[in-house]
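What follows is a set of notes on a single structure, which appears directly below.
Please read all numbers here as calculations on a predicted model, not as lab measurements.
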Amino acid sequence: MSKGSPISPSLMATKSAGAHKAPERVDRPADAGVDHAAVSPVLGPNNVVPPTPMTGSQAIVRSLEELGVQDIFGLPGGAILPTYDPLMASTMNHVLVRHEQGAGHAAQGYAMVTGRVGVCIATSGPGATNLVTAIMDAHMDSVPMVVITGQVSSGVIGTDAFQEADIVGITMPITKHSFLVTNPDDIPHVMAEAFHLASTGRPGPVLVDVAKDAQQGQTTFSWPPKIDLPGYRPVVRGHSKQVREAARLIAAATKPVLYVGGGVVKAHASAELRELAELSGAPVVTTLMARGVFPDSHPQHVGMPGMHGTVSAVTALQQSDLLITLGARFDDRVTGILSSFAPNAKVIHADIDPAEISKNRTADVPIVGSVKEIIPELTEALRLQFDATGTPDLTNWWAFLNNLKETYPLGWTEPEDGLTAPQRVIERIGALTGPEGVYVAGVGQHQMWASQFIKYERPHAWLNSGGAGTMGYAVPAAMGAKVGNPDRVVWAIDGDGCFQMTNQELATCAINKIPIKVAVINNSSLGMVRQWQTLFYEGRYSNTDLNTGHDTVRIPDFVKLADAYGCASFRCERDEDIDATIQQALAINDRPVVIDFVVSPNSMVWPMVPAGVSNDQIQVARNMTPDWEEED
């Protein structure tokens with residue numbers, strides 16, 4: 001294992017004109033007149049702490065306090081035990097999870113709703129490796145997170161000591177950077193650097209692995225430390241020439257589309273996006289990771305693109321002559337067959353990560369920088385361009401798209417087996433809870449239905465595992481979201497398969513009085529896998545029946561399981577009981593609530609672009625593709 005702390009090679013490529021300001025807790029317009037280069041790169045209030053003798057473990061805890069950390073999710077073990085001792089005296093809130101993966105996803109959920117860096121902590125060996133899934137998930141979805149792990153003493157590193165794992169080596173491909181600390185003197189600056197890396201540029205997870213003897217050793221702590229990360233200087237402001245060229249292309253386009261990704265959520269730039277959208281008059285599509293950053297109710301919103309996107313959103317991209325791509329990465333789930341994606345469109349691509357630009361689709365106008373800065377710059381340049389050349393006429397474009405919206409709205413057909421349609425359950429959860437709620441989905445059919453049938457009007461209301469597709473994400477991520485936003489209603493919308501992977505965190509929620517609400521969309525199967533088996537494997541349901549639903553042995557019985565975990569529990573099997581059951585759950589706020597919604601196993605997610613085909617072949621139902629000639 002490397003004992004140094006050189007910056008990762010992937011970070012060496014970025015250049016900058018100044019340091020990036022830490023993410024704000026809520027979306028608001030860009031601060032006028034702020035000198036970003038003058039803002040301290042050290043997070044927190046930047047208190048001055050004079051040199052103070054303490055142990056390395058005390059230095060870890062004190063560093064977290066000085067960095068402004070309020071909540072931590074973790075599970076102790078031998079190699080991190082020295083740090084758990086001074087943690088007892090801290091004012092920080094530590095949430096004891098039941099599995100380290102739960103700590104990681106909770107830190108993600110916390111970060112997603114607050115804009116702060118999520119923090120999780122675990123011991124060495126299996127404690128650290130149990131965090132790997134959550135670290136990879138945070139890496140794929142650009143979630144700011146610092147992961148602290150204990151490591152065996154430096155003298156036995158590399159000897160296969162008890163509970164030793166090379167967690168730095170394991171996580172290097174899935175973190176922005178991984179540190180190994182063997183000297184207690186390094187702890188303050190490593191902690192400050194970890195939080196700086198996690199929260200600036202393209203956010204992501206950073207690992208700090210601390211040897212046990214470094215935790216136990218003596219050091220002299222002072223604050224704030226100096227951050228020294230040669231080569232890491234993320235570009236914040238867009239190149240003015242490129243911004244002007246982008247404005248020129250927008251003014252000349254007759255079929256523009258604002259293709260908005262999760263980077264706009266991470267940059268807290270929803271207000272800036274809305275101003276640009278309304279000035280340009282262009283339709284807006286929001287990816288799975290960007291749901292809510294532009295209101296669903298806004299007349300310019302045409303839906304979510306991708307494999308299970310709306311016909312209007314998918315077709316808007318395909319028919320476009322200009323993609324104004326903001327904080328999106330041309331993911332395969334959006335593009336389908338890349339060579340056939342938006343074949344007649346020029347591309348403006350703005351992103352904080354230069355590695356994403358032209359990675360999948362060549363950009364005609366690349367703009368590297370924070371969309372928080374670029375979008376207002378582009379809005380101003382576009383306003384000047386419109387003043388000079390006039391506003392483009394998008395009447396025909398909007399007539400075409402509005403016709404698609406009216407002809408192919410989202411909906412569902414009633415199951416022939418007489419059981420409840422899962423889409424109805426999810427739609428009612430959203431309608432009865434409202435846009436101020438937080439909705440956290442697992443992975444699979446229920447995830448897609450939750451993205452389709454709940455109306456999102458604000459950013460940070462929708463959390464899901466987008467890039468990794470992690471089963472077991474919903475319950476612990478909802479737990480973290482509720483800790484971060486205690487005054488909001490937080491729903492975990494989960495599948496019966498996903499729920500069985502991390503439902504032990506219900507114990508954490510019950511004991512710590514974290515009253516999340518869990519809707520188990522119980523179709524007694526691994527639903528999305530079953531859908532593919534129906535469509536592509538001639539209905540051969542190999543190993544997808546979970547025996548949890550209607551007319552099965554119901555192992556486990558989710559109502560009894562929830563009761564055992566100290567939760568309020570309900571089962572809903574009839575359409576006429578859906579609203580009343582949800583309202584009962586909404587009225588309970590002193591403990592977690594679990595509802596077993598027994599639904600049809602035969603419901604499928606539509607629309608759908610089958611894997612391996614062009615987005616032009618989107619199906620609105622099985623073997624039913626829109627008649628494009630009729631639309632023309």
query = Going from OH on Y110 to OG1 on T114, what distance comes out if it is rounded to the nearest 0.5 angstrom?
reply = 5.0 Å
task = Provide the closest heavy-atom pair for G201 versus I352 in the form atom of the first, atom of the second, distance.
result = C-CG1, 3.4 Å
key: Rounded distance (nearest 0.5 Å) linking atom CD of E377 with atom CZ of R237   = 4.5 Å
task = Say whether, by atom type as modelled, one donor and one acceptor occur between the side chain of Q318 and the main chain of S340 under 3.5 angstrom.
result = yes
inquiry  = side-chain contact (heavy atoms from CB on, under 4.5 Å) for F73 and V119? Distances and angles first, verdict last.
reply    = CA-CA 6 Å; F73 305 90; V119 181; over 6 Å; no
Exercise: identify the closest heavy-atom pair between A342 and R361 = O-NH2, 3.0 Å
task = Mind running salt bridge (Lys or Arg N to Asp or Glu O under 4.0 Å) on R291 and E457 for me, showing each step along the way?
result = CA-CA 9 Å; R291 301 290 289 115; E457 299 295 318; over 6 Å; no
request  = Decide whether N344 and S320 meet the rule of one side-chain donor and one side-chain acceptor closer than 3.5 Å.
outcome  = no
request  = Take H105 and Q108 through the side-chain hydrogen bond (donor to acceptor under 3.5 Å, both in side chains) test and state the conclusion after the steps.
outcome  = CA-CA 5 Å; H105 292 319; Q108 286 182 271; 2.7 Å; yes
message = Just so I know, are the side chains of T335 and N360 near enough to count as touching, which here means a heavy-atom distance under 4.5 Å?
response = no
message = Using 0.5 Å steps for rounding, measure from the CZ atom of R383 to the CG atom of L276.
response = 9.5 Å
request  = Given side-chain contact (heavy atoms from CB on, under 4.5 Å), test L288 with M448 step by step and report yes or no.
outcome  = CA-CA 9 Å; L288 181 68; M448 294 298 103; 3.9 Å; yes
inquiry  = As a test of understanding, state which of R202, R329, H349 forms a side chain to side chain donor-acceptor pair (under 3.5 Å) with E356.
reply    = R202
note = Smallest heavy-atom separation, A477 atom then V440 atom, equals CB-CG1, 3.8 Å
Side chains of S178 and T171, donor plus acceptor under 3.5 Å = yes
inquiry  = Are Y456 and W462 an aromatic pair, judged by ring center distance below 6.0 Å?
reply    = yes
key: S465 (side chain) donor-acceptor with T470 (main chain) under 3.5 angstrom   = yes
message = I'd like to know if the side chain of T200 reaches the main chain of H196, judged simply by a donor and an acceptor atom lying under 3.5 Å from each other, with no hydrogens or angles considered.
response = yes
message = Keeping S312 on the side-chain end and V302 on the backbone end, is there a donor-acceptor pair under 3.5 Å?
response = yes
message = Would you say that V260 contacts V285 through its side chain, given a criterion of any heavy-atom pair below 4.5 Å between the two side chains?
response = no
key: Residues Q452, E427; criterion side-chain contact (heavy atoms from CB on, under 4.5 Å); working and verdict   = CA-CA 9 Å; Q452 292 175 331; E427 188 275 331; over 6 Å; no
key: N/O donor-acceptor pair under 3.5 Å between K482 side chain and W491 backbone   = no
message = Please check: side-chain N/O of Q300 versus main-chain N/O of A277, any donor-acceptor pairing under 3.5 Å?
response = yes
Sole candidate of T287, V293, V371 that passes side chain to side chain contact (heavy atoms under 4.5 Å, CB included) when paired with V265 = V293
inquiry  = Under the criterion salt bridge (Lys or Arg N to Asp or Glu O under 4.0 Å), I'd like the reasoning laid out for R333 against D331: C-alpha separation, chi angles, the key distance, then a yes or no.
reply    = CA-CA 5 Å; R333 281 297 197 259; D331 175 71; over 6 Å; no
message = Checking the side chain of N615 only, and the main-chain atoms of V314 only, is there a donor and an acceptor separated by less than 3.5 Å?
response = no
ask   = Side chains of T175 and H139: do they bring a donor and an acceptor to under 3.5 Å?
value = no
message = Taking the side chain as everything from C-beta on, heavy atoms only, tell me whether W223 gets closer than 4.5 Å to L67.
response = yes
Beyond-backbone contact of P283 with W398, side-chain heavy atoms, under 4.5 angstrom = yes
query = Does any N or O in the side chain of E275 come within less than 3.5 Å of the main-chain N or O of I375, such that one atom is a donor and the other an acceptor?
reply = no
request  = Locate the shortest heavy-atom distance separating V206 from A198; write the atom from each residue and the value.
outcome  = CG2-N, 3.7 Å
request  = Using the side chain to side chain contact (heavy atoms under 4.5 Å, CB included) rule, pick out the option among P224, S63, P225 that qualifies with H189.
outcome  = P225
request  = Name the orientation class of the two ring planes belonging to F330 and Y259 (parallel below 30°, tilted from 30 to 60°, perpendicular beyond 60°).
outcome  = perpendicular
ask   = How many angstroms lie between atom CZ of R248 and atom CG of L384, to the nearest 0.5 angstrom?
value = 15.5 Å
ask   = Is a side-chain donor or acceptor of T254 paired with a backbone partner of L394 at a separation under 3.5 angstrom?
value = no
Donor-acceptor pair, side chain of Q447 and main chain of G444, under 3.5 angstrom = yes
note = Output for pair (D296 CG, T286 OG1), nearest 0.5 Å, gives 6.0 Å
message = Within the 3.5 Å criterion, strictly below it, is a donor on Y473 or N464 matched to an acceptor on the partner's side chain?
response = no
note = In this structure, CE of M145 is separated from CG of D137 (nearest 0.5 Å) by 8.0 Å
task = Identify the two heavy atoms, one from R233 and one from P230, that lie closest to each other, and give their separation to 0.1 Å.
result = NH1-CA, 4.1 Å
query = In terms of ring plane angle, is the pair F179 and H177 parallel, tilted or perpendicular, where the classes change at 30° and 60°?
reply = perpendicular
ask   = Just wondering, do I324 and V257 contact through their side chains at under 4.5 Å, heavy atoms?
value = no
request  = Answer whether the closest heavy-atom distance between the side chains of T315 and Y408 falls below 4.5 Å.
outcome  = no
Nearest atoms (heavy-atom pairs only) where I367 meets I357 = O-CD1, 3.5 Å
request  = Tell me, yes or no, whether the heavy-atom count around D387 atom CG, taken from other residues, nucleotides or ligands under 6.0 Å, exceeds 12.
outcome  = yes
query = Can you find a side-chain donor-acceptor pair between K176 and Y232 that sits under 3.5 Å?
reply = yes
ask   = Less than 4.5 Å apart, any side-chain heavy atom of E436 and any of R488?
value = yes
task = Take D351 and T325, measure what side-chain contact (heavy atoms from CB on, under 4.5 Å) needs, and give me the verdict at the end.
result = CA-CA 8 Å; D351 202 285; T325 309; over 6 Å; no
query = Taking it one step at a time, do E278 and R274 satisfy salt bridge (Lys or Arg N to Asp or Glu O under 4.0 Å)?
reply = CA-CA 6 Å; E278 292 177 346; R274 183 164 183 160; 3.0 Å; yes
request  = State, yes or no, whether a side-chain contact exists between W412 and V605 at a heavy-atom distance under 4.5 Å.
outcome  = no
